[in-house]
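A short write-up of the structure that comes next.
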Amino acid sequence: MEDGLVNRKRRMCRPARLAGCFFAAALPLAAQGIPQSSAPTTARALAIGDTAELAREANVWLTQLIQINTTNPPGNEQAAAKYVAGILAREGITPEILEVMPGRSAVVARLRSSAISDPARALLLVAHMDVVGAERSRWSVDPFGAVIKDGYIYGRGALDDKSMLAANLAAIVGLKRANARLNRDVIFLATDDEEGGGEASIKTLIAKNWDKFAAGFAINEGGEVVMKGGKVQYVAVQASEKVAVNVAVVAKGTAGHASVPTKDNAVVHLAAAIEKIGNYSAPVHFTAIVRRYFEGLAAISDDEIGKWMRSLETSDRGEHAQRVISDTNPQWGAMMRDSIAPTMLNAGVRPNVIPGEARAILNIRLLPGDTIDALLSELRKLVNDPQVRLEVQPNGGLAAPPSSLESDFYAAISKVAAEEFAGAPVLPYQSTWATDSAQLRLHNVQAYGLWPFPVTDEDLKRMHGDDERISMASFNKGVEVLARIVSEFAVAK
Ligand SMILES: [Zn+2]
């Protein structure tokens, strides 16, 4: 039924015609349940100019950024970097393209508050230009067409992270056009290789160019404005993240002719080990951020779930509560313990040959503060098989200290978010996924994650999946919210 509706109403816009069909395609904010700002428009106009006009332009930027294919690997972010630099240059903001590796670049630009920069006060706006791959045959539209239909822009990167990139651009352009008097430098940074996290990632950028974007505060992807039933339920501001580590499980056995099965078959030993690991649940513990998250969420959840959230750390009902909460939402479960997901299996060369080795990969996400060694010693005891080894793979994530929930920037984000989303609670959030913010936090940056766009769970699931999309009303709202957050924190009062 939904398909029929989509086909009947299908309305596609190519970017050349974007400006013309933008209004026709976008549903009014109210119709999508997205609250419109109640803040006085005059104050906002003074600080950052006309945010509605900015949002209109940002729509075009988002569309064109989606059309620049930055699938990583190989990334090819240089094309997007040139596009972004062009927009900045046209606005009189001098961009610098930082070549990280051949074909892979980042862009940095700065609005100064005074002749001498104070990096400890500076605010960094971060977004990445690369996207994960798209399986074309599973999409209903061209993943790089930036097709507009039924009030949505479809395309790889529509959410992750080109929407944020366009919103960051709008914020710095808005400040520049309004000739805002800043109380701190505002730095724009478009990164590459976030999805790969390899040689061209922010780690390298920091190592080579830290002086160009050193800051005390940052806003990046990672947290969400959660919509449910047409209403913003709460705003989750990422202040910490779990740490990704890959571990290989290697089983060894005697290779031989498959007509004579052996007890030490590596495939069998690997399978047994994976079954044990797959059923293992690491012990629960609560970081301060997760504790505050559940406290806040309990207050707006239905009675039953709220009750279990409040019982998570009680001695008598805690264990049961943890089970109920984890079963209700697997992401909640992953927020309170180290998680282990077997993701790859590899064994055998011929149907009739018993291989001498079988391997699997576990993608492990550690709670901040936990160590891989402690978890692996538990897993070794569990597997208890001399034929099976666990090997930590290189390039694991690094644990970073959480960002403070007492900083002025966290307060500014909370204030604007509460105003813009009709008093919805603002909760600190520890994401199960990794972002560039961990690297920034390791360099003493108070980095916070917030996609400012109201998004439903259903749309969020399309991120890294098929038919990724963003509602245009939500995008416009997010552009305004981000511009206001930046203005609240960086414009002199
Ligand atoms: Zn991302």
Side-chain angles (χ1 to χ4, degrees), residues 75 77-78 80-89 91-130 161 164-165 168-169 171-173 175-176 180-194 196-222 241 395 397-404 407-409 434-449 485-486 489-492:
E77 296 92 342
Q78 198 168 60
K82 285 181 179 161
Y83 174 80
V84 167
I87 292 167
L88 291 165
E91 299 292 331
I93 306 167
T94 310
E96 187 177 355
I97 293 185
L98 308 171
E99 182 159 318
V100 187
M101 285 173 70
R104 313 198 72 170
S105 307
V107 185
V108 66
R110 176 186 299 261
L111 289 182
R112 288 187 180 280
S113 58
S114 60
I116 298 163
S117 296
D118 178 358
R121 285 184 58 78
L123 171 62
L124 182 64
L125 315 178
V126 191
H128 63 88
M129 296 182 285
D130 59 320
D161 187 30
M164 184 91 188
L165 182 62
N168 284 352
L169 260 177
I172 194 166
V173 164
L175 288 175
K176 172 73 178 173
R181 196 160 63 83
L182 300 177
N183 60 24
R184 63 189 76 242
D185 285 10
V186 175
I187 307 165
F188 170 94
L189 179 68
T191 63
D192 59 312
D193 200 19
E194 192 275 341
E199 284 301 296
S201 71
I202 193 160
K203 217 167 154 178
T204 310
L205 264 180
I206 290 175
K208 286 192 187 164
N209 298 288
W210 180 234
D211 58 318
K212 295 188 199 294
F213 57 91
F217 305 91
I219 189 159
N220 186 16
E221 64 179 354
E241 57 190 59
N395 294 323
L398 293 172
S403 294
S404 167
S407 76
D408 290 348
F409 190 37
T435 68
D436 283 344
S437 291
Q439 292 291 336
L440 295 168
R441 293 186 184 112
L442 283 167
H443 285 76
N444 293 322
V445 183
Q446 298 297 316
Y448 302 96
I485 288 171
V486 173
F489 186 57
V491 174

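Just so you know, residue 1 is the first one in the sequence shown, and it goes up from there. What's counted below: heavy atoms across the whole structure, side chains too, no hydrogens, waters or symmetry copies.
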(request) Rounded to the nearest 0.5 Å, what's the gap from CG on Leu398 to CG on Leu442? Could you check? (result) 6.0 Å
(message) Looking at every non-hydrogen atom in both residues, tell me the closest pair between Ser403 and Val445 and how far apart they are.
(response) OG-O, 4.1 Å
(message) So, taking the atom named CG in Asn220 and the one named OG1 in Thr191, what distance separates them when rounded to the nearest 0.5 Å?
(response) 7.5 Å
(request) Output all residues satisfying side chain to side chain donor-acceptor pair (under 3.5 Å) with Gln78, sequence neighbours left out; order by chain, then residue number. (result) Glu99, Ser105
(message) Any side-chain to backbone donor/acceptor pair from Tyr448 onto Gly222? Under 3.5 Å, distance only.
(response) no
(request) State which residues pass side chain to side chain donor-acceptor pair (under 3.5 Å) with Ser117; sequence neighbours excluded, sorted by chain then number. (result) Arg112, Asp185
(request) Could you tell me whether the side chain of Glu241 and the main chain of Thr435 form a donor-acceptor pair under 3.5 Å? (result) yes
(request) Evaluate the side-chain proximity of Ile172 to Leu88: yes if any heavy-atom separation is below 4.5 Å, no if none is. (result) yes
(request) Determine, step by step, whether Asp193 and Leu205 satisfy the side-chain contact (heavy atoms from CB on, under 4.5 Å) criterion, reporting the C-alpha distance in whole Å, the side-chain angles of both residues, the deciding distance to 0.1 Å, and the verdict. (result) CA-CA 10 Å; Asp193 200 19; Leu205 264 180; over 6 Å; no
(request) For Asp192 and Met101, run side-chain contact (heavy atoms from CB on, under 4.5 Å): C-alpha distance rounded to whole Å, both residues' side-chain angles, the deciding distance at 0.1 Å, then the answer. (result) CA-CA 10 Å; Asp192 59 312; Met101 285 173 70; over 6 Å; no
(message) Give me the atom names and distance for the closest heavy-atom approach of Asp161 to His128.
(response) OD2-N, 3.0 Å
(message) Donor-acceptor pair, distance only, cut-off 3.5 Å: does the side chain of Glu77 make one with the backbone of Ala106?
(response) no
(message) With heavy-atom distances below 4.5 Å as the criterion, would you say the side chains of Phe188 and Leu111 are in contact?
(response) no
(request) On the 0 to 90° scale, with breaks at 30° and 60°, tag the Trp210-His443 ring pair as parallel, tilted or perpendicular. (result) tilted
(request) Find the distance between CG (Asn168) and CD1 (Ile187) and round it off to the nearest 0.5 Å. (result) 12.5 Å
(message) To the nearest 0.5 Å, what is the distance between NZ on Lys203 and CG on Asn395?
(response) 6.0 Å
(message) Taking Arg121's backbone N and O only, do any of them form a donor-acceptor pair with Arg184's side chain (distance below 3.5 Å, no angle check)?
(response) yes
(request) Taking all non-hydrogen atoms of both residues into account, name the closest pair between Ala438 and Ala400 and its distance. (result) O-CB, 3.4 Å
(request) Let me see the working for Lys82 and Ile97 under side-chain contact (heavy atoms from CB on, under 4.5 Å), right down to the final yes or no. (result) CA-CA 8 Å; Lys82 285 181 179 161; Ile97 293 185; 4.0 Å; yes
(request) Please round to the nearest 0.5 Å and tell me the distance separating atom OG of Ser437 and atom CG of Leu124. (result) 9.0 Å
(request) Could I get the full list of salt bridge (Lys or Arg N to Asp or Glu O under 4.0 Å) partners for Lys208, not counting sequence neighbours? (result) none
(request) Evaluate the side-chain contact (heavy atoms from CB on, under 4.5 Å) criterion for residues Leu182 and Val491: first the C-alpha distance (whole Å), next the side-chain angles of each, then the deciding distance (0.1 Å), finally the verdict. (result) CA-CA 4 Å; Leu182 300 177; Val491 174; 4.2 Å; yes
(message) For a 4.5 angstrom cut-off between non-hydrogen side-chain atoms, does Phe213 reach Ile206?
(response) yes
(request) Return the minimal non-hydrogen interatomic distance between Arg441 and Ala447, and the atom names on each side. (result) NH2-O, 3.0 Å
(request) Calculate, to the nearest 0.5 Å, the distance between atoms CG and CZ belonging to Leu123 and Phe409 respectively. (result) 4.5 Å
(request) Mark yes or no for whether Asp130, through its side chain, and Gly75, through its backbone, hold a donor-acceptor pair below 3.5 Å. (result) no
(message) Quick one, Phe217 and Leu440 - any side-chain contact, counting heavy atoms below 4.5 Å?
(response) no
(message) For the backbone of Lys212 and the side chain of Arg110, can you confirm whether one donor and one acceptor N or O come within less than 3.5 Å of each other?
(response) yes
